[in-house]
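Reading through the structure tokens given below for one structure.
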Amino acid sequence: MVSVMVKVAPAYEVLIGKDILKSAGTLMKNVRPIGKCAVITDTNVEKLYLERVLSSLKEAGFDPHAYAFSAGEEHKTMETLTDILDFMSEIPLTRSDFVVALGGGVTGDMAGFAAGVYMRGIPFIQIPTTFLAAVDSSVGGKTAVDLKNGKNLAGLFHQPSLVITDIDTFKTLTPENYACGCAESIKMGVISDPELFSIFETGDPSTYEIEIVRRAVQAKADIVQRDEKEAGDRKLLNLGHTYGHSVEKLSRFTLPHGHAVAVGLAMAARAAEKMGDMDANTKERILKTLEKNNLPVALEFDAREIYQSSLNDKKMAGSSLSIIVPNEIGRCEIRKIPAKEFEKYIELGMQ
Ligand code: NAD
């Protein structure tokens, strides 16, 4: 088992290993006193891993109560959040109890949000079961639900007390879902870790999963520690996301998040090359690496549609927008542009 410390206040540990779900309860005893907890999961993960986690919590002396919501991004809503909060209050959870998020990014974002608002905030622990959640969403404390006008429009910052990642859970992911984790990791490599990028460029990621999760989490932690609430550098983590969220919304969420990020990253690379911010060879390396890892680099939407769909994005600040421009593998810059100019970047990103 390896560990990464996320040094925010209070600091927390991300534990990454094989077959560690069965020890989840013991690991939690190091950060939480014995008591009640709500284990929030979705209907797919419930069938696969809930029993193992509940047994381990009971063996460690905790009193776990499980709630499974219908799986899928379309259920990442205020309605589901209300159901989770009602469930927590029926147990009833108190301020000395905690929440466990067992699942992918949708579960982590909603269970974290519920923990953040329940009784004005109680602790929560992340057990990510998708590759994407392990390398990205389980760390950093962003929680949210989608509103009808856009993704993640309601939410808060609430850091977990512990993250437990068992890479064995990736074995049951569909190839499409596995690729989503590759997309967020490749993104992280382009932002700040050329060695992480090269695993995807030249190697077989399935043989380096612990190393990938460790590197991606460390890279994210380094940024989050500098800028927890996204006043500056944390915006770098949005590389590909302004384009990505727009195509995700246009697809009515039929496109998985990681695939949308891949298309967004490809668009950011093409636009950067056309604008003279990145050389042609680096752009090609990014596109080829995405394709090698079963990710899309283009979709059928037109530039106007993507631009219209981006107008509700959180990254808009008044009439301006911060976009992340990749310069080379491992270095990106934050560029504030007039919102109207984004359409030009989208057009360049599609050619
Ligand atoms: P998800 O949670 O919907 O999981 C994808 C699918 O895989 C679901 O059907 C789920 O039931 C299933 N699943 C989960 N674990 C499984 C397993 N081990 N085996 C088989 N099936 C499994 O989605 P995701 O791709 O994990 O995460 C995407 C979400 O994460 C988006 O809502 C996105 O906005 C969010 N996100 C948040 C952050 C953040 O910083 N908070 C960062 C990136 C993404």
Side-chain angles (χ1 to χ4, degrees), residues 6 14 21 40-50 52-53 68-77 80-81 101-113 115-116 124 126-147 150-160 163 165-185 187-188 191 209 216-217 220-221 223-224 228-230 234-241 244-245 248-249 251 253-262 264-265 295 313-314:
V6 185
V14 180
L21 264 196
I40 309 301
T41 191
D42 72 23
T43 43
N44 294 333
V45 179
E46 176 186 29
K47 294 181 202 106
L48 294 164
Y49 303 111
L50 180 62
R52 211 177 306 169
V53 170
F69 63 87
S70 302
E73 182 75 33
E74 66 274 26
H75 298 289
K76 191 175 157 184
T77 58
T80 312
L81 180 74
L102 173 68
V106 167
T107 304
D109 279 12
M110 277 199 299
F113 192 170
F124 88 112
Q126 290 266 21
I127 307 186
T129 62
T130 63
F131 195 12
L132 179 143
V135 295
D136 194 349
S137 63
S138 60
V139 174
K142 274 193 181 177
T143 76
V145 297
D146 303 333
L147 301 181
K151 262 185 73 73
N152 299 331
L153 286 182
L156 42 77
F157 287 96
H158 188 47
Q159 298 284 352
V163 182
T165 297
D166 184 340
I167 61 152
D168 282 343
T169 60
F170 305 165
K171 287 183 187 145
T172 49
L173 293 173
T174 60
E176 187 183 59
N177 248 308
Y178 191 86
C180 289
C182 299
E184 294 281 13
S185 306
K187 175 205 82 175
M188 217 47 243
I191 294 170
E209 283 162 351
V217 167
K220 184 165 183 182
I223 291 175
V224 169
E228 194 177 339
K229 301 270 167 78
E230 203 167 302
R234 187 167 178 163
K235 292 194 176 90
L236 290 168
L237 297 173
N238 296 328
L239 173 62
H241 279 62
H245 279 172
E248 194 176 2
K249 199 169 125 197
S251 80
F253 298 110
T254 53
L255 188 68
H257 178 72
H259 289 223
V261 169
L265 178 55
L295 288 160
D313 198 286
K314 298 195 291 315

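Numbering starts at 1 and runs along the sequence shown. Start at 1 and go down the list; that is how both ligands and their atoms are numbered.
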Review point. Who's closest to atom 22 (C) of ligand 1 heavy-atom-wise, of V261, L173, T43?
Key: L173

Point to revise | Enumerated ligand 1 atoms positioned under 4.0 Å from heavy atoms of K76 | key: 31 (C), 32 (O), 33 (C), 34 (O), 35 (C)

Point to revise | Any N or O of T143 closer than 3.5 Å to N or O of ligand 1 | key: no

Review point. Do you know the tightest heavy-atom contact between Y178 and E209?
Key: OH-OE2, 2.7 Å

Practice item. Applying side chain to side chain donor-acceptor pair (under 3.5 Å) between K151 and each of H241, E73, H245, report the one that passes. Key: E73

Study note, to complete from the structure: Among non-hydrogen protein atoms, atom 20 (C) of ligand 1 lies closest to T172 O, 3.2 Å

Point to revise | Smallest separation among heavy atoms of A133 and G105, with atom names | key: CB-N, 3.7 Å

Check your understanding: E184 heavy atoms, cut-off 4.0 Å: which ligand 1 atoms fall inside?
Key -> 43 (C)

Point to revise | Within reach of ligand 1, part of Y49 (heavy-atom separation under 4.0 Å) | key: side chain

Exercise for review: For atom 28 (C) of ligand 1, grab the closest protein heavy atom and report residue, atom and distance to one decimal in Å.
Suggested key: L132 CD2, 3.8 Å

Check your understanding: Taking E248 for the side chain and P256 for the main chain, is one N or O donor matched with an acceptor at less than 3.5 Å?
Key -> no

**Study point:** Reference residue D136; test side chain to side chain donor-acceptor pair (under 3.5 Å); the match among K142, H257, K220
**Key:** K220

Check your understanding: Checking R234 side chain against V224 main chain: does a donor-acceptor pair fall under 3.5 Å?
Key -> no

Exercise for review: For atom 30 (O) of ligand 1, grab the closest protein heavy atom and report residue, atom and distance to one decimal in Å.
Suggested key: G105 CA, 3.3 Å

Point to revise | G104: numbered ligand 1 atoms lying under 4.0 Å from its heavy atoms | key: 2 (O), 26 (O)

**Study point:** Polar contact flag for E73 and ligand 1 (N/O pairs, less than 3.5 Å)
**Key:** yes

Practice item. Considering only non-hydrogen protein atoms, determine which one is nearest to atom 33 (C) of ligand 1 and report residue, atom name and distance to 0.1 Å. Key: K151 NZ, 3.6 Å

Point to revise | Under 4.0 Å to a heavy atom of D42 - the qualifying atoms of ligand 1, by number | key: 10 (C), 11 (O)

Exercise for review: Please report which non-hydrogen protein atom sits nearest to atom 38 (C) of ligand 1, along with the residue it belongs to and the distance in Å to one decimal place.
Suggested key: S137 CB, 3.2 Å

**Study point:** Atoms in ligand 1 flagged as close to L48, the criterion being non-hydrogen separation under 4.0 Å
**Key:** 19 (N), 20 (C)

Review point. Checking side-chain hydrogen bond (donor to acceptor under 3.5 Å, both in side chains) for the pair T172/Y49: CA distance, chi angles, key distance, verdict?
Key: CA-CA 10 Å; T172 49; Y49 303 111; 2.6 Å; yes

Practice item. For P160 and Q126, work out which heavy atoms get closest and say how close. Key: CB-CG, 3.9 Å

Review point. So, for L295 and G258, which heavy atoms are closest and what is the spacing to 0.1 Å?
Key: CD2-O, 4.3 Å

Check your understanding: Should C180 be counted as touching ligand 1, given the test is an N or O pair under 3.5 Å?
Key -> no

Review point. Counting only N and O atoms by type, is there a donor-acceptor contact under 3.5 Å from the side chain of T43 to the main-chain atoms of A71?
Key: yes

**Study point:** Atom indices of ligand 1 within 4.0 angstrom of K220 heavy atoms, with elements
**Key:** 40 (O)

**Study point:** Which atom of V163 lies closest to which atom of P128, heavy atoms considered
**Key:** CG1-CD, 3.8 Å

Point to revise | Nearest-option assignment for atom 37 (C) of ligand 1, heavy atoms, candidates D109, N238, N177, T169 | key: D109

Point to revise | Min N/O separation K142 to ligand 1 under 3.5 Å | key: yes

Exercise for review: Please report which non-hydrogen protein atom sits nearest to atom 15 (N) of ligand 1, along with the residue it belongs to and the distance in Å to one decimal place.
Suggested key: T129 OG1, 2.7 Å

Practice item. Give a yes or no answer on whether the side chain of T143 reaches the backbone of L156 with a donor-acceptor pair at less than 3.5 Å. Key: yes

Check your understanding: Where is the tightest heavy-atom contact between A134 and T165, given as atom of each residue plus distance?
Key -> CB-CG2, 3.6 Å

Check your understanding: Got a donor-acceptor contact below 3.5 angstrom from the D146 side chain to the N152 backbone?
Key -> yes

Exercise for review: Identify, by atom number and element, the atoms of ligand 1 in contact range of N152, meaning under 4.0 Å from any of its heavy atoms.
Suggested key: 34 (O)

Check your understanding: Within the structure, does V106 bring an N/O atom to less than 3.5 angstrom of an N/O atom in ligand 1?
Key -> yes

Revision key, fill the gap. min-distance protein heavy atom vs atom 12 (C) of ligand 1 -> N44 ND2, 4.2 Å

Review point. Can you list the ligand 1 atoms lying under 4.0 Å from a non-hydrogen atom of D136?
Key: 42 (C), 43 (C)

Review point. Atom 4 (O) of ligand 1: which protein heavy atom is closest, and how many Å away?
Key: T130 CG2, 3.7 Å

